[in-house]
Amino acid sequence: MNFEDTDFRQEAIDLENPFDVKLVKDFLLQLGFEFDPSEVECTMIVYNLKGELVGTGSHQGRILKYVAVAPKFRDTTAFALVVTYLTEKLLKIYKHTFVFTRPENAVRFRGLGYTEIATAEPLFTVLEFGFESIRTYQKYLKTLIVPAETSEIASIVVNCNPFTNGHKFLIEKAASENEIVYLFVVEEERSVFSFAVRWELIRKGIEHLSNVVMIKGGMYVVSGAIFPSYFLKCETADDIMQKQADLDVTVFARYVVPVMKIRKRYVGTEAYCATTAAYNESMKAILPGHGVQVIEVERKAIDSGNDGPPNYISASKVRQAIKEDRLKDVLDFLPDSTREFLMSDDSLAIRSKIKTGQGRH
Amino acid sequence: MKPQTSSQAGTFESSDVIFLIEPLPEKSGRKIELFSTVLHQYGESFKKTVVEMLDQYEMTDVHLIARDKGALEPTIKARLETAIKRSLGIHEGTVI
């Protein structure tokens with residue numbers, strides 16, 4: 001007689017131990033995953049008493065990663081065990097958890113009670129579970145709706161790392177052309193300028209614009225959960241990045257646009273960064289189908305005084321200048337709020353972080 | 001009784017149910033989200049079990065989420081009781 005042996009044991013592995021890492025790495029390789037231990041915080045395995053590895057799962061922050069079960073054990077409870085273990089752990093820390101998986105596997109997570117947020121065929125589906133969900137974010141959005149008389153409602157999404165005259169120009173332009181502008185500020189703490197600092201610099205910089213409403217991007221507007229590539233290197237645009245951008249734009253179109261009745265989205269042209277360029281492409285492809293016009297505004301440049309190429313304003317140039325200790329060169333890029341902040345001692349910690357750091361953000 | 005912390009009990013496995021409980025500010029009432037693979041057949045009795053137990057512990061301001069995969073009534077009761085006791089901080093004998 002054949003009976004199901006479900007006497008499974010579960011254990012968190014020691015990511016510092018090369019033997020443990022190799023065990024998981026080899027296991028995942030057979031299943032088509034390249035396991036990168038630097039991309040996870042914690043990894044758990046499920047095994048049975050014959051010493052067979054049944055399945056594994058990891059997480060980084062509130063995102064589940066590398067969840068896989070050996071084909072031979074797919075009829076068993078192993079998958080639910082892995083997901084329960086990780087979800088239980090994460091919900092003690094966070095209000096909700098995300099899964100990033102291939103669309104064909106989304107059904108397994110849905111079967112457990114995860115809710116799908118969006119899909120970008122054929123690479124990604126994002127699902128979530130927990131005390132909060134995208135409905136919670138929509139409720140927050142509803143508290144910020146300003147009653148409008150016309151349909152001239154525009155939106156802009158900014159990270160502002162840090163806030164420059166380029167951002168200010170784009171916001172001012174949108175504000176002058178529309179009745180209301182909803183300004184979404186990326187909340188993810190992956191940039192050298194913290195969310196609180198970025199928010200404050202923008203708030204001070206746009207005080208004179210009464211029809212601009214600032215909104216926190218939460219976990220859904222350019223977040224590490226949905227668009228992790230945004231916060232990585234930006235040399236090459238690949239499929240993965242493009243699909244993540246699609247995902248982010250789809251979430252915006254599906255959950256934010258209808259609530260706020262947004263009709264336009266303003267973006268600056270992108271000359272330097274492949275990620276942002278890919279993001280702009282996704283917007284142009286997806287948003288018009290949801291009744292949102294994408295308005296690409298020529299990036300603001302500083303008059304360089306000669307016939308040379310225009311000196312476009314860019315936050316990354318500002319960071320580069322700080323790194324090389326020549327803040328003076330970019331003072332023209334900065335609105336008062338940012339200039340004062342960078343000249344003051346309040347920004348000492350951030351400046352030294354930029355000088356020693358290497359990442360894009 | 002007023003829940004002190006958010007809590008959970010149960011698993012995603014088949015024939016089991018997972019409950020999440022989160023305290024809400026006073027006078028906000030109960031917010032209950034039930035999902036079940038057998039909602040059509042047993043949804044009513046599932047709801048009744050949950051409401052009765054919340055009544056029993058006089059929990060009025062609470063956010064409760066359930067994901068059920070066909071758990072039997074004793075299982076539902078056991079999981080919910082554990083989740084409630086954990087949220088109340090009176091989970092003697094149960095591991096957090």
ask   = Which region of B:Ile21, side chain (C-beta onward) or backbone (N, CA, C, O), has a non-hydrogen atom less than 4.5 Å from a non-hydrogen atom of chain A, or is it both or neither?
value =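 For B:Ile21, the backbone is the part near chain A, not the side chain.
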ask   = In terms of heavy-atom proximity below 4.5 Å to chain A, should B:Ser7 be classed as side chain, backbone, both, or neither?
value =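 Looking at B:Ser7, just its backbone touches chain A.
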Under 6.0 Å from the [atom1] atom of [X], do we count more than 12 heavy atoms belonging to anything else shown?
{"X": "A:Lys89", "atom1": "NZ", "value": "yes"}
{"X": "B:Glu58", "atom1": "CD", "value": "no"}
{"X": "A:Arg62", "atom1": "CZ", "value": "yes"}
{"X": "A:Arg102", "atom1": "CZ", "value": "no"}
{"X": "B:Tyr42", "atom1": "OH", "value": "no"}
{"X": "A:Glu104", "atom1": "CD", "value": "yes"}
{"X": "A:Lys261", "atom1": "NZ", "value": "no"}

inquiry  = As a quick check of understanding, evaluate side-chain contact (heavy atoms from CB on, under 4.5 Å) for A:Tyr114 and B:Arg67, giving each step before the final call.
reply    = CA-CA 9 Å; A:Tyr114 271 73; B:Arg67 291 284 192 281; over 6 Å; no
key: Sole candidate of A:Thr77, A:Thr84, A:Leu112, A:Thr87 that passes side chain to side chain contact (heavy atoms under 4.5 Å, CB included) when paired with B:Thr11   =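 Result: among A:Thr77, A:Thr84, A:Leu112, A:Thr87, A:Thr84 is the only option passing the side chain to side chain contact (heavy atoms under 4.5 Å, CB included) with B:Thr11.
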Partner chain A: residue of B:Glu13, B:Gln8, B:His63 with the largest heavy-atom pair count (under 4.5 Å) =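 Counting heavy-atom pairs under 4.5 Å, the top option is B:Gln8.
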ask   = Ring centres of A:Phe109 and B:Phe12 under 6.0 Å apart?
value =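 No: the rings miss the under 6.0 Å criterion.
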query = Under 4.5 Å between any side-chain heavy atoms of B:Leu20 and A:Phe129, yes or no?
reply =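 Yes, their side chains come closer than 4.5 Å.
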ask   = Heavy-atom distance under 4.5 Å to chain B: side chain of A:Ser133, backbone, both or neither?
value =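 When you check distances to chain B, no heavy atom of A:Ser133 falls under 4.5 Å.
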ask   = Roughly how far apart are A:Lys92 NZ and B:Ser6 OG, rounded to 0.5 Å?
value =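 Going from NZ on A:Lys92 over to OG on B:Ser6, the span is 10.0 Å.
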